[in-house]
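Atom set for the values below is all heavy atoms of this structure, side chains included, hydrogens, waters and symmetry mates excluded. In what follows, chains are A, B, ... by sequence order, proteins preceding strands, each numbered from 1.
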Protein chains: 2
Amino acid sequence: MPTPARTSLDEIIAAGQTILEEGGLDGLTMRRVAAAVGIRPPSLYKRIRDRGDLVRLIVDRSLRELTDRLDSVVGSGDPRRDLVALAHVFRDFARSRPATYGLLFARLPETSRVDPELNARASQAILRTAAELAGPDDALEAARTVVAWAHGFISMELAGAFRLGGDVERAFAFGIDRLATAIAADAGVPGGQAADPAVAG
Amino acid sequence: MPTPARTSLDEIIAAGQTILEEGGLDGLTMRRVAAAVGIRPPSLYKRIRDRGDLVRLIVDRSLRELTDRLDSVVGSGDPRRDLVALAHVFRDFARSRPATYGLLFARLPETSRVDPELNARASQAILRTAAELAGPDDALEAARTVVAWAHGFISMELAGAFRLGGDVERAFAFGIDRLATAIAADAGVPGGQAADPAVAG
DNA sequence: ACCTGAACACCGTTCAAGT
DNA sequence: ACCTGAACACCGTTCAAGT
């Protein structure tokens, strides 16, 4: 006689997400997750392979949400405006789920790594915007420059690494503004990058 | 009768550093460190307060080394050249000690955080270089933009986050080149940022 | 002074047994 | 099918006792 299911994969992921944000990655224990969904720790292994798998599922779910938000703010017709919007979506996401954000670009063990195809999808909005600004030849480099800056800024901000005073908001505005100019097709060193027609869509 | 010391704080930090790089932060256990220096785990507590304190000491030591290297590559007379040199020192350091690097800007618990004064010292070379390029009014923002980019790029590279092909070296060169131009004093958008007194130190 | 074994309260995970 | 208690091999840390 099968015992009725007392929980679900979805509930486990949701509980894991909450516990992760409350206590950080170290606080995310199988025993706590089990207690939160009303079962005993060993029963978790009926639905997930191990703790690394749970981490992966939590990150996967959040990355899908982030991708949707990124996709929804581009397409204004002004790539510079799109870039600013993307940076703010990124930053807002990180602030709303700092612990989860910290895992997005972390060195995770194999079992915790999300589907590469999902990562590729998450990159599309920024890649298209970068292509519009920088031209097709430099699109990938431009996207990497912007994402590196945004990720670096945000992770430093979350870590409390801006310790020299000053206005962090002003630094964020300064950065995105200068970067948008820097990656534009006409910003290359003379004789360097060729200016190509922007790609859209 | 006092028993003779079988190890030293220095040896413990060095062993911790090695174990950290070999097995990551999770692999850095008090039992392993104790075994490496030839004592039993409880004896570690004669020299360090707890595991968080050990992490702090390891990061502290590496940050001093990084600061020395950063200080040693600036002053060429060409701030743009200095900036490129700083970026490479940063990147080389991260590659030589990836796990330690990951802790430099991490959200660490209070006990693991290094002396703020040490952090300030580590920022001096980049702050001065940024001031030369961007002018005193934008020095702090310019430094934050460059450090954010460099940290973001390096941590993404270490995490294997550049998964869309392309040439990562080219992206690094593209980024530092465009950033140097972007933060230069004459790169501001007309009528853009207001000029505020710079905060240094 | 420094070192130790024993102990405590935690972990993730496995497994045989229950329904 | 799902759930469970018991068990195993780990942790960090404390503490009384040894030299």
Exercise. May I have the distance from Leu9(B) (atom CG) to dC2(C) (atom P), rounded to whole angstrom?
Key: 12 Å

Self-check item: Residues Arg95(A) and Glu157(A) bridged, charged N to O under 4.0 Å
Solution: yes

Quiz item: How would DNA chain C look in dot-bracket form, 5' to 3', counting Watson-Crick and G-U wobble pairs with both distances under 3.5 Å and writing | for bases paired to another strand?
Solution: ||.|||||...|||||.||

Quiz item: Do the ring planes of Phe90(A) and Tyr101(A) sit parallel (below 30°), tilted (30 to 60°) or perpendicular (above 60°)?
Solution: perpendicular

Practice problem: Provide, to the nearest angstrom, the distance between the CG atom belonging to Leu44(B) and the P atom belonging to dG5(C). | Solution: 14 Å

Quiz item: What's the CD1-C1' distance between Ile48(B) and dG12(D), to the nearest Å?
Solution: 11 Å

Exercise. Inspect the contact between Asp50(B) and Arg56(B) and indicate whether a charged nitrogen and a carboxylate oxygen are less than 4.0 angstrom apart.
Key: no

Exercise. Nearest whole angstrom, please: distance from the C1' of dC10(C) to the CG of Asp26(A).
Key: 13 Å

Quiz item: For DNA chain C, which residues in residues 12-24 of chain B have a heavy atom at a distance below 4.0 Å?
Solution: none

Quiz item: Is it true that His88(A) and Phe172(A) have ring centroids separated by less than 6.0 Å?
Solution: yes

Self-check item: Under-4.0 Å salt bridge between Glu65(A) and Arg69(A)
Solution: yes

Exercise. Given side-chain hydrogen bond (donor to acceptor under 3.5 Å, both in side chains), test Arg51(B) with Thr111(B) step by step and report yes or no.
Key: CA-CA 9 Å; Arg51(B) 181 174 176 271; Thr111(B) 58; over 6 Å; no

Quiz item: Under the 3.5 Å rule, do the base of dC2(D) and the side chain of Thr3(A) count as making a donor-acceptor pair?
Solution: yes

Quiz item: Between dT4(D), dT4(C), dC2(C), which one does the side chain of Ser43(B) approach most closely?
Solution: dT4(C)

Measure all distances between protein nitrogen or oxygen atoms and nitrogen or oxygen atoms of nucleotides 13-17 of chain D, and list the pairs falling under 3.5 Å.
unit_1, atom_1, unit_2, atom_2, d
dT13(D), OP2, Tyr45(B), OH, 2.8
dT13(D), OP2, Arg51(B), N, 2.9
dT13(D), O5', Tyr45(B), OH, 3.2

Quiz item: Can the positive tip of Arg91(B) be found less than 6.0 Å from the middle of the six-membered ring of Phe153(B), inside 45° of the ring normal?
Solution: no

Quiz prompt | Atom pair distance, as rounded to whole Å: NZ in Lys46(B) and C1' in dT4(C) | solution = 11 Å

Practice problem: Look at Arg64(B) together with Asp60(B) and state whether they make a salt bridge at an N to O cut-off of under 4.0 Å. | Solution: yes

Quiz prompt | Separation of dA9(D) P from Arg32(B) CZ (nearest whole Å) | solution = 17 Å

Exercise. I would like to know whether Ser62(A) and Arg97(A) meet side-chain hydrogen bond (donor to acceptor under 3.5 Å, both in side chains); could you show each step before the answer?
Key: CA-CA 9 Å; Ser62(A) 271; Arg97(A) 289 163 155 80; 2.9 Å; yes

Self-check item: Phosphate contact (dG5(D) OP1 or OP2) by Arg40(A) side-chain N/O below 4.0 Å
Solution: yes

Quiz item: Would you call Asp138(A)-Arg170(B) a salt bridge at under 4.0 Å N-O?
Solution: yes

Quiz item: Does Arg47(B) place a side-chain N or O at less than 4.0 Å from the phosphate oxygens OP1/OP2 of dC3(C)?
Solution: yes

Exercise. Could you tell me whether Asp68(B) and Arg121(B) have a side-chain N and a carboxylate O separated by less than 4.0 Å?
Key: no

Practice problem: Run the salt-bridge test on Asp10(A) and Arg61(A) with the 4.0 Å N-O cut-off and return the result as yes or no. | Solution: yes

Quiz item: In whole Å, what is the span from the CG atom of Leu28(B) to the C1' atom of dG12(D)?
Solution: 12 Å

Quiz item: Tell me: CD1 of Ile39(B) to P of dG5(C), nearest whole Å?
Solution: 12 Å

